[in-house]
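These notes are about the structure you will find just below.
Every chain is numbered from 1, with letters handed out A, B, ... down the list of sequences. On a predicted model such as this, the values are computed, not experimentally measured, just so you know.
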There are 2 protein chains.
Amino acid sequence: MASLAMFTAQPVTSTDKIFIQLRTDIVEGFIPSGSKLSETELSTKYAVSRAVIREAINRLESCHLIERKANVGARIVALTMEGLVELYQVREALEGMAARLAATHMSDAEVADLNDLLSTHFETVQTGESYYQEAGDLDFHYRIIVGSKNHQLISMLIDSIYHLIRMYRVQLGMAGPRVTTAFDEHRHIVQAISNRDAELAEMLMRRHILYSKRNLERKLA
Amino acid sequence: MASLAMFTAQPVTSTDKIFIQLRTDIVEGFIPSGSKLSETELSTKYAVSRAVIREAINRLESCHLIERKANVGARIVALTMEGLVELYQVREALEGMAARLAATHMSDAEVADLNDLLSTHFETVQTGESYYQEAGDLDFHYRIIVGSKNHQLISMLIDSIYHLIRMYRVQLGMAGPRVTTAFDEHRHIVQAISNRDAELAEMLMRRHILYSKRNLERKLA
DNA sequence: TGCAGCGTAATTGTCGACAATATTGCTGAT
DNA sequence: ATCAGCAATATTGTCGACAATTACGCTGCA
(Lines give C-alpha, C1' and ligand atoms only; values in the text may rest on other atoms or scores of the structure.)
Protein backbone atom coordinates (compact mmCIF):
# COMPACT_ATOMS: atom_id res chain seq x y z
CA MET A 1 0.00 0.00 0.00
CA ALA A 2 1.12 3.50 -0.72
CA SER A 3 2.39 5.31 2.32
CA LEU A 4 4.30 8.41 3.24
CA ALA A 5 7.20 7.45 1.03
CA MET A 6 5.03 8.41 -1.90
CA PHE A 7 5.39 12.05 -0.98
CA THR A 8 9.02 12.21 0.03
CA ALA A 9 11.65 12.64 -2.66
CA GLN A 10 14.18 9.84 -2.47
CA PRO A 11 17.61 10.70 -1.14
CA VAL A 12 20.32 11.18 -3.73
CA THR A 13 23.21 12.68 -1.82
CA SER A 14 24.88 11.57 1.35
CA THR A 15 23.51 14.58 3.19
CA ASP A 16 19.99 13.56 2.21
CA LYS A 17 20.38 10.16 3.84
CA ILE A 18 21.80 11.60 7.04
CA PHE A 19 19.09 14.23 7.11
CA ILE A 20 16.31 11.68 6.76
CA GLN A 21 17.98 9.36 9.24
CA LEU A 22 18.32 12.10 11.82
CA ARG A 23 14.82 13.36 11.21
CA THR A 24 13.42 9.90 11.81
CA ASP A 25 15.53 9.42 14.92
CA ILE A 26 14.28 12.73 16.29
CA VAL A 27 10.64 12.27 15.39
CA GLU A 28 10.52 8.70 16.66
CA GLY A 29 12.27 9.73 19.85
CA PHE A 30 15.41 7.62 19.41
CA ILE A 31 17.25 10.84 20.10
CA PRO A 32 15.52 12.27 23.15
CA SER A 33 13.83 15.63 22.89
CA GLY A 34 15.86 18.46 24.36
CA SER A 35 19.21 16.74 23.95
CA LYS A 36 22.21 18.31 22.25
CA LEU A 37 23.38 17.36 18.79
CA SER A 38 27.17 17.23 18.74
CA GLU A 39 28.59 17.56 15.25
CA THR A 40 31.78 15.62 15.91
CA GLU A 41 29.91 12.88 17.73
CA LEU A 42 27.40 12.46 14.90
CA SER A 43 30.11 12.56 12.26
CA THR A 44 31.94 9.63 13.89
CA LYS A 45 28.72 7.76 14.60
CA TYR A 46 27.51 7.90 10.99
CA ALA A 47 31.01 7.83 9.47
CA VAL A 48 30.63 10.97 7.40
CA SER A 49 32.32 14.33 7.38
CA ARG A 50 31.22 17.13 9.64
CA ALA A 51 30.19 19.15 6.59
CA VAL A 52 27.51 16.57 5.87
CA ILE A 53 26.31 16.66 9.46
CA ARG A 54 26.23 20.42 9.48
CA GLU A 55 24.14 20.60 6.34
CA ALA A 56 21.74 17.99 7.71
CA ILE A 57 21.43 19.97 10.92
CA ASN A 58 20.70 23.09 8.91
CA ARG A 59 17.83 21.35 7.19
CA LEU A 60 16.52 20.05 10.48
CA GLU A 61 16.50 23.60 11.74
CA SER A 62 14.36 24.79 8.86
CA CYS A 63 11.90 22.01 9.81
CA HIS A 64 11.77 23.52 13.30
CA LEU A 65 12.89 20.20 14.72
CA ILE A 66 16.02 21.67 16.30
CA GLU A 67 17.20 25.06 17.49
CA ARG A 68 20.66 26.45 16.90
CA LYS A 69 22.70 29.09 18.60
CA ALA A 70 25.82 30.46 16.96
CA ASN A 71 29.05 29.09 18.39
CA VAL A 72 27.09 26.97 20.84
CA GLY A 73 25.35 24.22 18.97
CA ALA A 74 22.04 22.59 18.16
CA ARG A 75 19.44 21.16 20.52
CA ILE A 76 16.36 19.17 19.70
CA VAL A 77 13.23 21.17 20.35
CA ALA A 78 11.53 20.65 23.67
CA LEU A 79 7.97 19.38 23.55
CA THR A 80 5.77 21.73 25.53
CA MET A 81 2.10 22.26 25.97
CA GLU A 82 2.35 25.76 24.50
CA GLY A 83 4.24 24.45 21.50
CA LEU A 84 1.57 21.87 20.85
CA VAL A 85 -1.21 24.44 21.04
CA GLU A 86 0.62 26.83 18.72
CA LEU A 87 1.30 24.04 16.28
CA TYR A 88 -2.31 22.99 16.13
CA GLN A 89 -3.50 26.55 15.73
CA VAL A 90 -1.36 26.90 12.65
CA ARG A 91 -2.32 23.47 11.44
CA GLU A 92 -6.01 24.25 11.77
CA ALA A 93 -5.69 27.38 9.65
CA LEU A 94 -3.48 25.81 7.00
CA GLU A 95 -5.23 22.48 6.63
CA GLY A 96 -8.62 24.12 6.71
CA MET A 97 -7.42 26.20 3.81
CA ALA A 98 -6.05 23.08 2.13
CA ALA A 99 -9.43 21.38 2.35
CA ARG A 100 -11.15 24.43 0.92
CA LEU A 101 -8.73 24.64 -2.01
CA ALA A 102 -8.81 20.88 -2.55
CA ALA A 103 -12.58 20.99 -2.92
CA THR A 104 -12.20 23.19 -5.98
CA HIS A 105 -8.79 22.15 -7.31
CA MET A 106 -8.72 18.36 -7.05
CA SER A 107 -9.36 16.48 -10.27
CA ASP A 108 -12.23 14.01 -10.43
CA ALA A 109 -9.69 11.21 -10.51
CA GLU A 110 -8.06 12.47 -7.34
CA VAL A 111 -11.43 12.70 -5.62
CA ALA A 112 -12.15 9.13 -6.71
CA ASP A 113 -8.81 8.00 -5.29
CA LEU A 114 -9.62 9.74 -2.05
CA ASN A 115 -12.90 7.84 -1.84
CA ASP A 116 -11.05 4.60 -2.55
CA LEU A 117 -8.62 5.35 0.23
CA LEU A 118 -11.52 5.89 2.56
CA SER A 119 -12.98 2.48 1.65
CA THR A 120 -9.66 0.75 2.22
CA HIS A 121 -9.36 2.60 5.46
CA PHE A 122 -12.84 1.43 6.46
CA GLU A 123 -12.00 -2.22 5.84
CA THR A 124 -8.80 -1.88 7.80
CA VAL A 125 -10.67 -0.44 10.74
CA GLN A 126 -13.26 -3.23 10.49
CA THR A 127 -10.63 -5.97 10.77
CA GLY A 128 -9.29 -4.24 13.84
CA GLU A 129 -5.82 -3.58 12.50
CA SER A 130 -5.05 -0.37 14.26
CA TYR A 131 -1.52 -0.75 12.90
CA TYR A 132 -2.40 0.96 9.66
CA GLN A 133 -4.25 3.73 11.41
CA GLU A 134 -1.38 6.15 11.69
CA ALA A 135 -0.22 5.73 8.10
CA GLY A 136 -3.78 5.75 6.83
CA ASP A 137 -4.55 8.96 8.60
CA LEU A 138 -1.41 10.60 7.24
CA ASP A 139 -2.21 9.43 3.73
CA PHE A 140 -5.64 10.98 3.99
CA HIS A 141 -4.35 14.34 5.10
CA TYR A 142 -1.46 14.29 2.64
CA ARG A 143 -3.76 13.77 -0.31
CA ILE A 144 -5.94 16.69 0.62
CA ILE A 145 -2.92 18.90 1.19
CA VAL A 146 -1.45 17.96 -2.17
CA GLY A 147 -4.89 18.35 -3.71
CA SER A 148 -4.87 22.01 -2.76
CA LYS A 149 -2.31 22.52 -5.54
CA ASN A 150 -0.79 25.38 -3.55
CA HIS A 151 2.94 24.67 -3.52
CA GLN A 152 3.70 27.12 -0.74
CA LEU A 153 1.07 25.51 1.44
CA ILE A 154 2.16 21.98 0.54
CA SER A 155 5.77 22.70 1.40
CA MET A 156 4.93 24.25 4.74
CA LEU A 157 2.73 21.43 5.87
CA ILE A 158 4.61 18.43 4.52
CA ASP A 159 8.19 19.59 4.87
CA SER A 160 8.00 20.98 8.37
CA ILE A 161 4.77 21.01 10.33
CA TYR A 162 3.82 17.40 9.81
CA HIS A 163 7.10 16.04 11.13
CA LEU A 164 6.65 18.12 14.26
CA ILE A 165 3.12 16.83 14.66
CA ARG A 166 4.27 13.27 14.26
CA MET A 167 6.95 13.96 16.86
CA TYR A 168 4.35 15.08 19.36
CA ARG A 169 2.09 12.16 18.53
CA VAL A 170 4.75 9.49 18.75
CA GLN A 171 6.39 10.78 21.90
CA LEU A 172 3.09 11.29 23.67
CA GLY A 173 2.27 7.68 22.82
CA MET A 174 -0.66 8.31 20.54
CA ALA A 175 -1.35 4.85 19.19
CA GLY A 176 -4.57 4.94 17.25
CA PRO A 177 -7.27 6.04 19.64
CA ARG A 178 -10.19 7.95 18.24
CA VAL A 179 -10.15 5.58 15.30
CA THR A 180 -13.82 5.23 14.54
CA THR A 181 -14.84 8.80 15.26
CA ALA A 182 -11.91 10.11 13.21
CA PHE A 183 -13.03 7.87 10.40
CA ASP A 184 -16.49 9.41 10.40
CA GLU A 185 -14.95 12.86 10.30
CA HIS A 186 -12.79 11.81 7.36
CA ARG A 187 -15.88 10.49 5.61
CA HIS A 188 -17.73 13.75 5.95
CA ILE A 189 -14.77 15.74 4.70
CA VAL A 190 -14.47 13.53 1.62
CA GLN A 191 -18.16 13.96 1.06
CA ALA A 192 -17.88 17.72 1.14
CA ILE A 193 -14.95 17.62 -1.27
CA SER A 194 -16.83 15.26 -3.58
CA ASN A 195 -19.70 17.75 -3.59
CA ARG A 196 -17.19 20.51 -4.33
CA ASP A 197 -18.43 22.31 -1.25
CA ALA A 198 -15.35 24.32 -0.34
CA GLU A 199 -16.81 26.16 2.65
CA LEU A 200 -18.05 23.00 4.31
CA ALA A 201 -14.82 21.14 3.60
CA GLU A 202 -12.84 23.84 5.37
CA MET A 203 -15.17 23.94 8.33
CA LEU A 204 -15.17 20.16 8.74
CA MET A 205 -11.40 19.95 8.45
CA ARG A 206 -10.90 22.68 11.01
CA ARG A 207 -13.26 20.92 13.38
CA HIS A 208 -11.54 17.59 12.73
CA ILE A 209 -8.20 19.04 13.70
CA LEU A 210 -9.69 20.81 16.68
CA TYR A 211 -11.02 17.49 18.00
CA SER A 212 -7.66 15.92 17.35
CA LYS A 213 -6.00 18.65 19.38
CA ARG A 214 -8.38 18.17 22.28
CA ASN A 215 -7.63 14.48 22.20
CA LEU A 216 -3.92 15.16 22.40
CA GLU A 217 -4.36 17.70 25.17
CA ARG A 218 -6.37 15.20 27.21
CA LYS A 219 -3.52 12.72 26.95
CA LEU A 220 -1.00 15.32 27.95
CA ALA A 221 -2.90 16.36 31.07
CA MET B 1 12.21 55.35 13.98
CA ALA B 2 12.02 51.66 14.57
CA SER B 3 11.94 49.62 11.40
CA LEU B 4 12.39 46.09 10.18
CA ALA B 5 15.77 45.81 11.81
CA MET B 6 13.94 45.62 15.12
CA PHE B 7 12.77 42.14 14.28
CA THR B 8 15.83 40.66 12.63
CA ALA B 9 18.50 39.18 14.85
CA GLN B 10 21.82 40.83 14.17
CA PRO B 11 24.40 38.76 12.30
CA VAL B 12 27.12 37.22 14.41
CA THR B 13 28.85 34.80 12.09
CA SER B 14 30.27 35.32 8.62
CA THR B 15 27.56 33.11 7.16
CA ASP B 16 24.90 35.35 8.68
CA LYS B 17 26.28 38.39 6.90
CA ILE B 18 26.49 36.64 3.55
CA PHE B 19 22.99 35.23 4.02
CA ILE B 20 21.49 38.63 4.76
CA GLN B 21 23.48 40.24 1.96
CA LEU B 22 22.32 37.65 -0.56
CA ARG B 23 18.76 37.80 0.68
CA THR B 24 18.70 41.56 0.21
CA ASP B 25 20.27 41.30 -3.23
CA ILE B 26 17.65 38.77 -4.27
CA VAL B 27 14.66 40.54 -2.76
CA GLU B 28 15.68 43.92 -4.13
CA GLY B 29 16.36 42.42 -7.52
CA PHE B 30 20.09 43.15 -7.70
CA ILE B 31 20.42 39.51 -8.57
CA PRO B 32 17.78 38.95 -11.24
CA SER B 33 15.00 36.47 -10.57
CA GLY B 34 15.53 33.13 -12.29
CA SER B 35 19.31 33.43 -12.49
CA LYS B 36 21.73 30.81 -11.27
CA LEU B 37 23.75 31.12 -8.09
CA SER B 38 27.25 29.80 -8.68
CA GLU B 39 29.02 28.82 -5.47
CA THR B 40 32.52 29.43 -6.73
CA GLU B 41 31.56 32.73 -8.30
CA LEU B 42 29.92 33.99 -5.11
CA SER B 43 32.80 32.77 -2.98
CA THR B 44 35.29 34.82 -4.99
CA LYS B 45 32.94 37.81 -5.19
CA TYR B 46 32.41 38.03 -1.44
CA ALA B 47 35.87 36.72 -0.54
CA VAL B 48 34.69 33.89 1.68
CA SER B 49 34.96 30.14 1.53
CA ARG B 50 32.51 28.03 -0.41
CA ALA B 51 31.32 26.49 2.84
CA VAL B 52 29.98 29.85 3.90
CA ILE B 53 28.24 30.34 0.58
CA ARG B 54 26.74 26.88 0.71
CA GLU B 55 25.30 27.41 4.15
CA ALA B 56 23.89 30.78 3.12
CA ILE B 57 22.31 29.18 0.07
CA ASN B 58 20.80 26.50 2.27
CA ARG B 59 19.13 29.13 4.39
CA LEU B 60 17.87 30.95 1.34
CA GLU B 61 16.31 27.71 0.21
CA SER B 62 14.40 27.33 3.44
CA CYS B 63 13.05 30.84 2.84
CA HIS B 64 11.76 29.63 -0.52
CA LEU B 65 13.80 32.33 -2.22
CA ILE B 66 15.81 29.85 -4.25
CA GLU B 67 15.42 26.30 -5.53
CA ARG B 68 18.14 23.68 -5.47
CA LYS B 69 18.71 20.51 -7.42
CA ALA B 70 21.30 18.01 -6.28
CA ASN B 71 24.54 18.14 -8.26
CA VAL B 72 23.14 20.91 -10.41
CA GLY B 73 22.90 24.06 -8.37
CA ALA B 74 20.63 26.76 -7.08
CA ARG B 75 18.43 29.16 -9.00
CA ILE B 76 16.51 32.14 -7.74
CA VAL B 77 12.80 31.49 -7.79
CA ALA B 78 10.89 32.72 -10.79
CA LEU B 79 8.13 35.23 -10.11
CA THR B 80 4.92 33.97 -11.62
CA MET B 81 1.28 34.92 -11.41
CA GLU B 82 0.43 31.53 -9.88
CA GLY B 83 3.17 31.92 -7.30
CA LEU B 84 1.83 35.30 -6.29
CA VAL B 85 -1.71 33.99 -5.93
CA GLU B 86 -0.56 31.01 -3.87
CA LEU B 87 1.54 33.24 -1.67
CA TYR B 88 -1.31 35.59 -0.95
CA GLN B 89 -3.70 32.75 -0.24
CA VAL B 90 -1.35 31.50 2.45
CA ARG B 91 -0.71 34.99 3.69
CA GLU B 92 -4.41 35.70 4.02
CA ALA B 93 -4.96 32.61 6.15
CA LEU B 94 -1.90 33.12 8.34
CA GLU B 95 -2.17 36.84 8.90
CA GLY B 96 -5.88 36.62 9.45
CA MET B 97 -5.08 34.15 12.16
CA ALA B 98 -2.35 36.44 13.49
CA ALA B 99 -4.82 39.32 13.80
CA ARG B 100 -7.30 37.10 15.61
CA LEU B 101 -4.69 35.89 18.07
CA ALA B 102 -3.24 39.35 18.49
CA ALA B 103 -6.66 40.69 19.51
CA THR B 104 -6.60 38.40 22.53
CA HIS B 105 -2.88 38.02 23.24
CA MET B 106 -1.44 41.49 22.82
CA SER B 107 -0.75 43.36 26.05
CA ASP B 108 -2.38 46.72 26.61
CA ALA B 109 1.00 48.34 26.18
CA GLU B 110 1.46 46.67 22.80
CA VAL B 111 -1.97 47.81 21.71
CA ALA B 112 -1.08 51.35 22.78
CA ASP B 113 2.14 51.16 20.77
CA LEU B 114 0.18 49.98 17.78
CA ASN B 115 -2.11 53.01 18.07
CA ASP B 116 0.92 55.27 18.34
CA LEU B 117 2.39 53.74 15.22
CA LEU B 118 -0.86 54.44 13.44
CA SER B 119 -0.75 58.09 14.47
CA THR B 120 2.82 58.45 13.29
CA HIS B 121 1.84 56.76 10.10
CA PHE B 122 -1.03 59.19 9.66
CA GLU B 123 1.21 62.22 10.03
CA THR B 124 3.65 60.75 7.57
CA VAL B 125 0.90 60.26 5.04
CA GLN B 126 -0.35 63.79 5.63
CA THR B 127 3.00 65.32 4.83
CA GLY B 128 3.06 63.30 1.66
CA GLU B 129 6.20 61.35 2.41
CA SER B 130 5.39 58.15 0.60
CA TYR B 131 8.97 57.11 1.32
CA TYR B 132 8.06 55.77 4.73
CA GLN B 133 5.03 53.96 3.38
CA GLU B 134 6.68 50.61 2.69
CA ALA B 135 8.52 50.45 6.00
CA GLY B 136 5.50 51.75 7.90
CA ASP B 137 3.26 49.14 6.37
CA LEU B 138 5.73 46.39 7.23
CA ASP B 139 6.03 47.64 10.80
CA PHE B 140 2.29 47.54 11.18
CA HIS B 141 2.00 43.98 9.98
CA TYR B 142 5.06 42.84 11.91
CA ARG B 143 3.65 44.11 15.20
CA ILE B 144 0.42 42.26 14.75
CA ILE B 145 2.23 39.09 13.74
CA VAL B 146 4.49 39.27 16.76
CA GLY B 147 1.48 40.17 18.89
CA SER B 148 -0.08 36.81 18.06
CA LYS B 149 2.53 35.27 20.39
CA ASN B 150 2.50 32.13 18.26
CA HIS B 151 6.16 31.36 17.57
CA GLN B 152 5.43 28.91 14.80
CA LEU B 153 3.31 31.48 13.03
CA ILE B 154 5.78 34.29 13.62
CA SER B 155 8.64 32.28 12.18
CA MET B 156 6.71 31.27 9.07
CA LEU B 157 5.60 34.77 8.25
CA ILE B 158 8.68 36.77 9.16
CA ASP B 159 11.43 34.34 8.24
CA SER B 160 10.16 33.25 4.87
CA ILE B 161 6.87 34.52 3.52
CA TYR B 162 7.47 38.19 4.06
CA HIS B 163 10.73 38.25 2.15
CA LEU B 164 9.01 36.63 -0.79
CA ILE B 165 6.21 39.15 -0.63
CA ARG B 166 8.68 42.00 -0.56
CA MET B 167 10.42 40.44 -3.54
CA TYR B 168 7.20 40.47 -5.53
CA ARG B 169 6.40 44.00 -4.42
CA VAL B 170 9.79 45.45 -5.20
CA GLN B 171 10.26 43.75 -8.51
CA LEU B 172 6.77 44.61 -9.69
CA GLY B 173 7.52 48.22 -8.85
CA MET B 174 4.99 48.67 -6.08
CA ALA B 175 5.92 52.10 -4.80
CA GLY B 176 3.31 53.24 -2.33
CA PRO B 177 0.02 53.35 -4.12
CA ARG B 178 -3.12 52.59 -2.18
CA VAL B 179 -1.69 54.65 0.62
CA THR B 180 -4.76 56.34 2.00
CA THR B 181 -7.16 53.45 1.60
CA ALA B 182 -4.65 51.07 3.16
CA PHE B 183 -4.34 53.47 6.06
CA ASP B 184 -8.07 53.35 6.68
CA GLU B 185 -7.96 49.57 6.64
CA HIS B 186 -5.12 49.62 9.12
CA ARG B 187 -7.09 51.96 11.33
CA HIS B 188 -10.08 49.66 11.41
CA ILE B 189 -7.93 46.65 12.21
CA VAL B 190 -6.30 48.47 15.10
CA GLN B 191 -9.72 49.48 16.32
CA ALA B 192 -10.90 45.87 16.30
CA ILE B 193 -7.79 44.75 18.18
CA SER B 194 -8.20 47.57 20.69
CA ASN B 195 -11.76 46.36 21.27
CA ARG B 196 -10.41 42.82 21.67
CA ASP B 197 -12.75 41.74 18.89
CA ALA B 198 -10.87 38.74 17.52
CA GLU B 199 -13.40 37.72 14.89
CA LEU B 200 -13.61 41.17 13.38
CA ALA B 201 -9.85 41.63 13.48
CA GLU B 202 -9.37 38.44 11.47
CA MET B 203 -12.03 39.36 8.95
CA LEU B 204 -10.66 42.86 8.43
CA MET B 205 -7.11 41.61 8.09
CA ARG B 206 -8.13 38.98 5.54
CA ARG B 207 -9.99 41.59 3.56
CA HIS B 208 -7.06 43.99 3.80
CA ILE B 209 -4.75 41.39 2.33
CA LEU B 210 -7.28 40.45 -0.32
CA TYR B 211 -7.45 44.06 -1.49
CA SER B 212 -3.69 44.22 -1.48
CA LYS B 213 -3.57 41.11 -3.66
CA ARG B 214 -6.03 42.59 -6.14
CA ASN B 215 -3.95 45.71 -6.29
CA LEU B 216 -0.87 43.66 -7.11
CA GLU B 217 -2.71 41.58 -9.70
CA ARG B 218 -3.94 44.70 -11.42
CA LYS B 219 -0.36 45.93 -11.76
CA LEU B 220 0.77 42.58 -13.09
CA ALA B 221 -1.91 42.47 -15.78
C1' DT C 1 32.44 28.04 51.90
C1' DG C 2 31.57 30.83 47.98
C1' DC C 3 32.96 33.19 44.10
C1' DA C 4 35.94 35.83 40.72
C1' DG C 5 39.51 35.16 37.37
C1' DC C 6 42.09 32.50 34.39
C1' DG C 7 43.78 28.67 31.53
C1' DT C 8 42.79 24.50 29.36
C1' DA C 9 39.77 21.55 26.77
C1' DA C 10 36.04 20.90 23.76
C1' DT C 11 32.95 22.56 20.20
C1' DT C 12 31.67 25.26 16.38
C1' DG C 13 33.05 28.26 12.29
C1' DT C 14 35.89 28.65 8.23
C1' DC C 15 39.04 27.21 4.84
C1' DG C 16 41.30 24.91 0.76
C1' DA C 17 41.75 20.51 -1.69
C1' DC C 18 40.00 16.36 -3.67
C1' DA C 19 36.11 13.28 -5.45
C1' DA C 20 31.84 12.67 -7.86
C1' DT C 21 28.49 14.28 -10.91
C1' DA C 22 26.56 17.13 -14.55
C1' DT C 23 27.22 20.13 -18.55
C1' DT C 24 29.37 21.33 -22.84
C1' DG C 25 31.48 20.76 -27.12
C1' DC C 26 33.55 17.84 -30.40
C1' DT C 27 33.91 13.80 -33.38
C1' DG C 28 32.13 10.78 -36.41
C1' DA C 29 28.73 7.82 -38.30
C1' DT C 30 24.22 7.46 -40.54
C1' DA D 1 22.37 17.89 -41.62
C1' DT D 2 21.27 15.41 -37.47
C1' DC D 3 22.09 12.87 -33.72
C1' DA D 4 24.60 9.35 -30.71
C1' DG D 5 28.66 8.75 -28.09
C1' DC D 6 32.60 10.37 -25.86
C1' DA D 7 36.13 13.58 -23.98
C1' DA D 8 37.07 17.76 -21.66
C1' DT D 9 35.47 21.16 -18.59
C1' DA D 10 33.02 23.18 -14.99
C1' DT D 11 30.21 22.71 -10.90
C1' DT D 12 28.68 20.58 -6.84
C1' DG D 13 29.49 17.16 -2.94
C1' DT D 14 32.62 15.57 0.59
C1' DC D 15 36.60 15.57 3.34
C1' DG D 16 40.24 16.69 6.89
C1' DA D 17 42.69 20.54 9.10
C1' DC D 18 43.05 25.00 11.19
C1' DA D 19 40.98 29.23 13.52
C1' DA D 20 37.71 31.34 16.63
C1' DT D 21 34.60 31.02 20.20
C1' DT D 22 32.51 28.93 24.07
C1' DA D 23 32.25 25.80 28.10
C1' DC D 24 34.48 23.80 32.02
C1' DG D 25 37.38 23.22 35.92
C1' DC D 26 41.05 24.82 38.63
C1' DT D 27 43.39 28.08 41.54
C1' DG D 28 43.42 31.55 44.80
C1' DC D 29 41.30 35.10 47.52
C1' DA D 30 37.77 37.06 50.65
Could you state the CD-C1' distance from A/Glu39 to D/dA17, rounded to the nearest angstrom?
15 Å
Nearest-nucleotide wise, let me know which of A/Ala70 and B/Ala74 is further upstream toward the 5' end of DNA chain D.
B/Ala74
Looking at C/dC15, D/dG13, C/dT12, which one has an atom nearest to any side-chain atom of A/Arg54?
C/dT12
Send over the distance from B/Ile18 CD1 to C/dG13 C1', rounded to a whole Å.
14 Å
Determine the minimum heavy-atom distance between B/Met205 and B/Ala99, stating which atoms define it.
CB-CB, 3.7 Å
With A/Glu110, which of A/Lys149, A/His105, A/Arg143 fulfils side-chain hydrogen bond (donor to acceptor under 3.5 Å, both in side chains)?
A/Lys149
Rounded to whole Å, how long is the line connecting atom CZ of A/Arg50 with atom P of D/dC18?
14 Å
Could you pick out which residue, A/Val72 or A/Val52, lies toward the 5' side of DNA chain D when each is mapped onto its nearest nucleotide?
A/Val52
Check the distance between C/dA10's P and A/Asn71's CG and give it to me in whole angstrom.
18 Å
Under 4.0 Å between a side-chain N or O of A/Lys36 and OP1 or OP2 of C/dT12?
yes
What is the distance, to the nearest angstrom, from the CG atom on B/Leu37 to the C1' atom on D/dT12?
13 Å
A/Asn58 has an atom CG; how far is it from atom P of C/dT14, in whole Å?
11 Å
Taking only the side-chain heavy atoms of B/Ser38 (C-beta and beyond), determine which of D/dT12, C/dT14, D/dT22 contains the nearest atom.
D/dT12
So does B/Ser14 get a side-chain nitrogen or oxygen closer than 4.0 Å to the phosphate oxygens (OP1/OP2) of C/dG13?
no
Just how far is it from atom OG of B/Ser155 to atom CD1 of B/Ile145, taken to the nearest 0.5 Å?
11.0 Å
Can a side chain N or O of B/Thr15 be found less than 4.0 Å away from OP1 or OP2 on C/dT14?
yes
A/Gln152 (side chain) donor-acceptor with B/Glu86 (main chain) under 3.5 angstrom:
no
In whole angstrom, give the distance that lies between atom OH of B/Tyr46 and atom C1' of C/dC15.
19 Å
Hey, would you say the A/His208 and A/His186 ring centroids sit under 6.0 Å apart?
yes
Sugar-phosphate, base or nothing in reach of B/Thr40, heavy atoms under 4.0 Å:
base
Given atom CG of B/Asp16 and atom C1' of C/dT12, what is their separation to the nearest angstrom?
13 Å
